[in-house]
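Encoded as structure tokens, the structure appears first; notes follow it.
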Amino acid sequence: MLPSLEKLRKFFRLEHENGYNNTAIIGGLVKILDFWESEARAESVDEAVVQAVTQRLKGYEALTPSGRADSLKGLWKRLGETYPDTQQKPQGQPRPQPRPQQPRPQQQPQANQQVQQTPAPKVEGEEMPKWLEPETKSAPPQASPPVGGTGGGSKPAPRAPAPAQGRSDTAPGGKTSATPAALNAQLTVLQGVGQKHASTLSQLGMFTLGDMLYYFPRRYEDYSQLKPIKNLWVNEIVTVIGAVQSVSTRPVKGGKLQLTEVVITDGTGALRLTWFNQPWIANRMKEGDNIAASGKLSQNLGRLVMTNPDFEPVEAEHLHTNRIVPIYPLTQRITQKWLRGLMNQVVKYWAPALVDHLPDSIRASANLPPLGRAVGQAHFPDSQDELKKARARLAFDEIFFLQMGVLGQKRDWQAATARRFETSDEWLGARLASLPFTLTGAQTRALDEIRRDLNSGRPMNRLLQGDVGSGKTVIAALAAALVNQSNAQAAIMAPTSILAEQHFRNFTNLLAPSPLHPSPEIGRGDGGEGRIRLLIGDTPEKEKEEIRAGLADGTIQIVVGTHALIEDPVQFKDLQLAVIDEQHRFGVDQRAALRNKGTTPHLLVMTATPIPRSLALTLYGDLDLSVMDEMPVGRQPIETYVLRPQELERAFSLIRSQIKDGRQAFIIYPLVEESEKLDNLKAATEEHERLQKDVFPDLKLGLLHGRMKPDEKERVMADFRDKKYHILVSTTVVEVGVDVPNATVMLVEGANHFGLAQLHQLRGRVGRGAAQSYCLLVPDHEDAVENERLQAMAETNDGFILADRDLQQRGPGEFLGTRQAGFGVLKMASITDLPLIEKARNQAQSLFEKDPNLEMPEHKLLAEALGRFWGTGKGDVS
Ligand code: ADP
Ligand code: MG
């Protein structure tokens, strides 16, 4: 028998011998709980059993001696259902008996899993103390009413988002495992929660007590500021306490609705409370009752009224009112009040018992409240200040776990070996000399870093981040040439066919033999044609086959393409470099798929989305970072203007004058890119026609939209580049990466429909040559001229500043892209909270340096919590 159960038996027997007078222990049997609960949990006694014991002993004192006898007997019988050995005659030597391990799923468990009780084999014919004789009825386990935290000794560990792993009972040295079953107990152990409720709660992701602790409020209502009725204002959300003056229910709206009206007074004034179609409310209160009502004040015929308020008698604990009240996400069939009540039960009782997985040193240096307190306060805060601290602590954990995971991934990645590519300075010098321009300092640095990575023997895993127009393509091309030099292959994946085609052309030009260097390695003397190929969805099947063959036998050295690269049954002879452009447009799986076309190939991901550094290090902490923060020389800052809708003609005249100077212009109209809708096509065509006919009859206008076939798009783009059009009317398909240096005007109509990042991308389509360029933003309507985003665009060309603003204004979606996969686990942390991110990152980093595998005993809890955190969301987040 487990020692804690043996102890119980000892006290129970004593109590029996004393005639059930509640003297077996000073202060009454309930005092056993002071030490027993923690011991029992430390031994991983089944939670339902712990709850049953707690429950019974709490009510013990109030019973008559015969009631007490029944109670203890019933309890012992209950224990026997889970621990048959307790029904046996006491042995001389109590010995620990490990319970079988319970394998736990990594994914969210299904509703009907996790039954913890084992059936109770009857123990027949055993001699037992009289008072332990089996009885016929057994009481259902019930939740304990709130008590303080458990005493000293080991306490249960928290069950963070994912279910816990199997547990062990005792660890070496008598130290108990940190992950007992306690918080894995099913919700049916709670009073008032049967199978039905449990299954409803499971739909909200709550399967166990631990899940409940981590099921946080969606928001809070602060009812803590009580106000006298005379000081109330319309639209305020308040709690008012008053005496009921009148109660009435009457039909309104021709009998369709029942209106219940209660008037309360508090000596300073009277307030009307109304409810629709809840006539039962009238029976809940009578004249003279004091009630607390919480809700929002509105005005009706000049008088204040509170509609559908929460209310309760003031004697009650004011759980629903008069404090900061949590509002939980709900599902059908349960009410806010019910869930809150249940939460209160669980949180009050369990939160203090949570063991903190963060080492004290981290908690101290990051100035965080203990986990138990944080969880408790996150549900039922005592004050706004406590709430803030609590949420900050929980948010810290998330970012910290995330960062630990990312660091672990980085280490794993770095543990792999990769082929070395050595480059001579001569080779590189010759390559650079054949480029039509000199690299910027930033480009040179990035290239150096890549060169070093490629020769490191470890797979490169680098994020190349550079604002639009900073010249990332040439870096990718040089990296590709570098691996080609050793007869290895490179693949470049871009999000759209326009971009893939442009890259293909650029690569071909940049890597083509020049008169100075007639025999660059890329073509090994044959001019390079055929060694760089384009593979997109639209590539004719026959050509695709040819490309597949060429990639398989190694005659093709570089393939540029879209998703087709990974969707196709493409096989490489020796893929050593995978480049992903505009990486946020791709999913985690797609990036992995490209990488998996080779064996630990070097990986270069590129993005034009400037991410604040600390954010980048969190989101992409597993990647090394190269930042190109310098534009090619001769670029002039783009002048940006926000115009009123009626000033469109000014924009047109600027376009005309630029075209007179031999420049070209983009006109973007606000339609959803690649929209499937036919009206998109229609609108695009009509807009194009209208501009052509009414505004620029003497100029040539091209039209580009997402509904066009890739070869049509390509032809239009090529014609625009070749100056066959003066103006390109387009949807946002030109947003990503398109490069026409002669274009100097970007006119965006309906600019208020676009996000900052998108506007910045669009603007980046001009200003790519030496000439002064202009970006004209014209919102739909006058009011939007003051639109913050548009004004921000006018204020700065700096992508980093804009990214920061975007982050503040719109949250991280724009940056996360499909990386969100790994961020579903964030419940508390806001990715916009850069100080928090920085703090958690620093802590994670220094811990990782000390104990990367979390093998030190003091990090055991943390290792477990981390495993649970990643249990649900882990994947390749690169
Ligand atoms: P992005 O970083 O947005 O992908 P690109 O690679 O498309 O930028 O480069 C933008 C333009 O700048 C292209 O026309 C490219 O040829 C040109 N370019 C790149 N590097 C330089 C440089 N060092 N000097 C001058 N022009 C450059
Ligand atoms: Mg680009």
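It should be emphasised that the depicted structure is a prediction, and the values quoted were computed from it without experimental measurement. We count ligands from 1, going down the list as the structure has it; atoms in each ligand are counted the same way.
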| request: Please indicate whether any nitrogen or oxygen in Val474 is less than 3.5 Å from any nitrogen or oxygen in ligand 1. | output: no
| query | Can you find an N/O atom of Gly471 closer than 3.5 Å to an N/O atom of ligand 1? | reply | yes
| request: Give a yes or no on whether a salt bridge exists between Arg841 and Glu838, defined as a side-chain N under 4.0 angstrom from a carboxylate O. | output: yes
| request: Only heavy atoms count here, so choose which of Ala442, Pro632, Ala477 is nearest to atom 24 (N) of ligand 1. | output: Pro632
| remark: Among Arg635, Met628, His503, Arg768, the residue with a heavy atom nearest to atom 12 (O) of ligand 1 is Arg635
At a non-hydrogen distance cut-off of under 4.0 Å, which region of [X] contacts ligand 1 (side chain, backbone, both, or neither)?
{"X": "Gln465", "result": "neither"}
{"X": "Val633", "result": "neither"}
{"X": "Gln443", "result": "side chain"}
{"X": "Leu439", "result": "backbone"}

For ligand 1, which atoms have a heavy atom of [X] less than 4.0 angstrom away?
{"X": "Thr440", "answer": "23 (N)"}
{"X": "Gly469", "answer": "1 (P), 2 (O), 3 (O), 8 (O), 10 (C)"}
{"X": "Thr438", "answer": "22 (C), 23 (N), 24 (N)"}
{"X": "Thr473", "answer": "4 (O), 5 (P), 6 (O), 7 (O)"}

| message | Closer than 3.5 angstrom, by distance alone: can the side chain of Arg533 be matched with the main-chain N or O of Val560 as a donor-acceptor pair? | response | no
| request: Please check if the side chain of Gln658 supplies one atom and the backbone of Gly662 the other of a donor-acceptor pair under 3.5 Å. | output: no
Say whether [X] and ligand 1 are in contact under the criterion: heavy-atom distance to a ligand atom below 4.0 Å.
{"X": "Glu630", "answer": "no"}
{"X": "Ala608", "answer": "no"}
{"X": "Gly466", "answer": "no"}

| field | Greater than 12 external heavy atoms within 6.0 Å of Lys700's NZ | value | no
| message | Set out, in order, the CA-CA distance, both residues' side-chain angles and the distance that settles side-chain hydrogen bond (donor to acceptor under 3.5 Å, both in side chains) for His602 and Asp453, then state yes or no. | response | CA-CA 8 Å; His602 296 282; Asp453 287 351; over 6 Å; no
| query | Between Tyr641 and Tyr774, how do the two ring planes meet: parallel, tilted or perpendicular, split at 30° and 60°? | reply | parallel
| query | Given side chains that start at C-beta, do those of Ile668 and Phe754 come closer than 4.5 Å, heavy atoms only? | reply | yes
| query | With Glu749, which residues qualify under salt bridge (charged side-chain N to carboxylate O under 4.0 Å, His left out), at least two apart? | reply | none
| salt bridge (charged side-chain N to carboxylate O under 4.0 Å, His left out) with Asp574: which residues, sequence neighbours excluded? | Arg419
| field | Residue pair Asn742 / Gln664, side-chain donor-acceptor N/O under 3.5 Å | value | yes
